[in-house]
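Computed over heavy atoms, backbone and side chain alike; hydrogens, waters and symmetry mates excluded. These figures come from a predicted structure and were not determined experimentally.
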Protein chains: 2
Amino acid sequence: MGISERKERQRAELREQILRVARDMVVKEGFSALSMRKLAEAVEYAPATLYLHFENREAIARELCVRGFGELLAALEPGAKVTEPLERLSVMGAAYVKFGLEHPETYRLIFMEDPRLSTELFQGGSDGAGPRSFGLLARVFEDLRSAGRIADTADPGRLAETVWAGLHGIVSLKLTCAAFQTSAEKLRETLTETLVHGLPGLKPAR
Amino acid sequence: MGISERKERQRAELREQILRVARDMVVKEGFSALSMRKLAEAVEYAPATLYLHFENREAIARELCVRGFGELLAALEPGAKVTEPLERLSVMGAAYVKFGLEHPETYRLIFMEDPRLSTELFQGGSDGAGPRSFGLLARVFEDLRSAGRIADTADPGRLAETVWAGLHGIVSLKLTCAAFQTSAEKLRETLTETLVHGLPGLKPAR
DNA sequence: ACCAGTAAATGAACGGTGTTTACAGAACGG
DNA sequence: CCGTTCTGTAAACACCGTTCATTTACTGGT
């Protein structure tokens with residue numbers, strides 16, 4: 001009875017091929033250039049065939065989102081192993097920014113296009129790539145707190161969200177407003193450094 | 001010879017009406033819902049007529065961008081009058097975030113769509129809304145430095161870019177990833193507070 | 001070996017999109 | 001009054017995502 005298995009395999013294979021080609025199109029020319037007709041042409045099937053494997057264009061984009069986020073998570077994981085929390089913050093932040101700049105269209109797809117594309121990434125208890133990667137960042141501050149190195153009143157979750165927002169701001173501004181002069185890496189450095197130590201040499205008003 | 005002036009006036013009026021209706025469409029349903037045909041229908045002209053007033057759809061979007069940024073600048077200006085620099089940072093930051101959340105589609109158009117839409121905003125010496133509003137933020141740190149309240153070595157421009165990126169990160173994440181739990185205003189507060197004073201009660205590793 | 005039934009694939013259509021162009025009409029200056 | 005200039009448009013072009021009736025291919029059962 002290996003025959004239906006082969007069919008299942010072929011089905012999965014085509015699905016995979018569609019996603020591969022779709023990914024290429026997005027990476028090369030952005031999400032808006034992902035056309036169902038061109039995609040069908042590229043995989044050498046009729047447009048209607050795509051709808052046997054995906055509900056619609058958005059479903060393809062969602063799948064690309066999930067996989068893209070998986071890559072982002074993978075890019076963050078090495079840095080998460082650094083022991084010293086503040087150094088870890090630095091390394092992971094740099095990895096995040098690097099990923100965003102090296103995969104601009106993937107990053108756009110996940111974080112800058114339609115909210116519907118990314119919602120599923122960020123729900124579901126603590127499994128799911130979204131909460132997982134967020135957890136990696138939050139642990140920096142949990143570790144600092146449990147080591148008594150920051151105030152007990154500090155909220156690790158909120159600090160992590162703040163850092164994430166800052167990193168995202170750097171990447172996404174670089175991707176849309178070429179105007180910013182400072183390099184992304186220097187901005188990232190200033191961000192983490194200043195978030196940790198405050199403004200250099202700050203004195204109160206007198 | 002008031003006749004050609006009247007024509008000129010009528011021409012400008014139609015142009016303005018097109019922009020008004022286009023703005024409404026964008027504000028209500030987002031940039032992607034801005035259709036030349038629907039726009040033509042709404043102003044009761046044939047689609048081709050729109051091309052007598054704008055080069056193409058993108059040109060309309062660019063104009064909306066410029067005006068939207070003008071509104072943002074106007075929203076920032078009151079806060080820029082606050083004397084105490086750190087309080088000014090707080091007030092302006094809050095105004096920025098408020099603007100982004102209250103005009104999501106305008107904000108998206110300026111900062112999260114095609115880079116081509118916003119490029120012109122950020123060039124041209126120190127005139128232009130882009131550099132002007134950036135200057136407002138940079139002055140916070142210039143003032144701090146010239147008052148001897150932060151280190152001479154601190155770079156006001158870089159600090160301003162960092163803050164801007166952080167604020168933008170907060171707004172744009174709120175607009176695309178509903179996932180984030182903390183409210184935008186609390187994130188903004190944490191961002192500025194922490195950027196100024198560093199992590200609360202930080203002690204070095206021992 | 002044939003037949004029924006199922007799954008895969010498609011051609012053609014529907015209703016949209018931005019944009020161009022050839023043409024019509026009105027209004028104006030001389 | 002005529003010729004030019006400006007305004008406006010219908011029609012077409014080349015796309016787009018999606019649906020559906022129909023055909024094709026194949027497989028399990030007789």
> To the side chain of B:Y51, which of D:dT9, C:dT19, C:dT10 is closest?
C:dT19
> Need to verify one output field. Residue with the more 5' nearest nucleotide on DNA chain D, B:R37 or B:L14?
B:L14
> Give me the ring orientation class for A:W164 and A:F134: parallel if the planes are under 30° apart, tilted from 30 to 60°, perpendicular past 60°.
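Tilted, since the angle between the ring planes falls between 30° and 60°.
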> Do any side-chain nitrogens or oxygens of A:R11 fall under 4.0 Å of OP1 or OP2 in C:dA8?
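Yes, A:R11 has a side-chain N/O under 4.0 Å of OP1/OP2 on C:dA8.
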> Using whole Å, what does the distance between atom P of nucleotide D:dG8 and atom CZ of B:R15 come to?
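After rounding, the gap between these two atoms is 15 Å.
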> Using a heavy-atom cut-off of under 4.0 Å over every strand shown, decide if B:L39 touches base, sugar-phosphate, or nothing.
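No contact at all - B:L39 keeps every heavy atom at 4.0 Å or more from the nucleic acid.
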> Would the distance check show the side chain of A:R57 and the main-chain N or O of A:L34 forming a donor-acceptor pair, the cut-off being under 3.5 Å?
yes
> Is there a donor-acceptor contact under 3.5 Å from the side chain of B:R88 to the main chain of B:T83?
yes
> Taking the minimum atom-to-atom distance to the side chain of B:K38, which one of D:dG8, C:dT17, C:dT20 wins?
C:dT17
> Can you tell me the distance, in whole Å, between the CG atom of A:L52 and the C1' atom of D:dT22?
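Interatomic distance, CG of A:L52 to C1' of D:dT22: 14 Å.
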> Which part of the nucleic acid, if any, lies within contact of A:L50, taking any heavy atom under 4.0 Å across all strands shown: a base, the sugar-phosphate backbone alone, or nothing?
nothing
> So does A:F111 get a backbone contact from the side chain of B:T176, meaning a donor-acceptor N/O pair under 3.5 Å?
yes
> Given C:dG18, C:dG11, D:dG8, which nucleotide is nearest the side-chain atoms of B:H53?
D:dG8
> From CZ of A:R9 over to C1' of C:dA8, roughly how many Å is that when rounded to an integer?
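These atoms are roughly 17 Å apart.
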> Taking any heavy-atom pair under 4.0 Å as a contact, classify B:T49: base, sugar-phosphate, or nothing.
base
> Would you mind telling me which of D:dG8, C:dA9, D:dT18 lies closest to the side-chain atoms of A:M36?
D:dT18
> Starting at the 5' end of DNA chain D, which residue's closest nucleotide do you reach first, A:A48 or A:S35?
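Residue closer to the 5' terminus by nearest nucleotide: A:S35.
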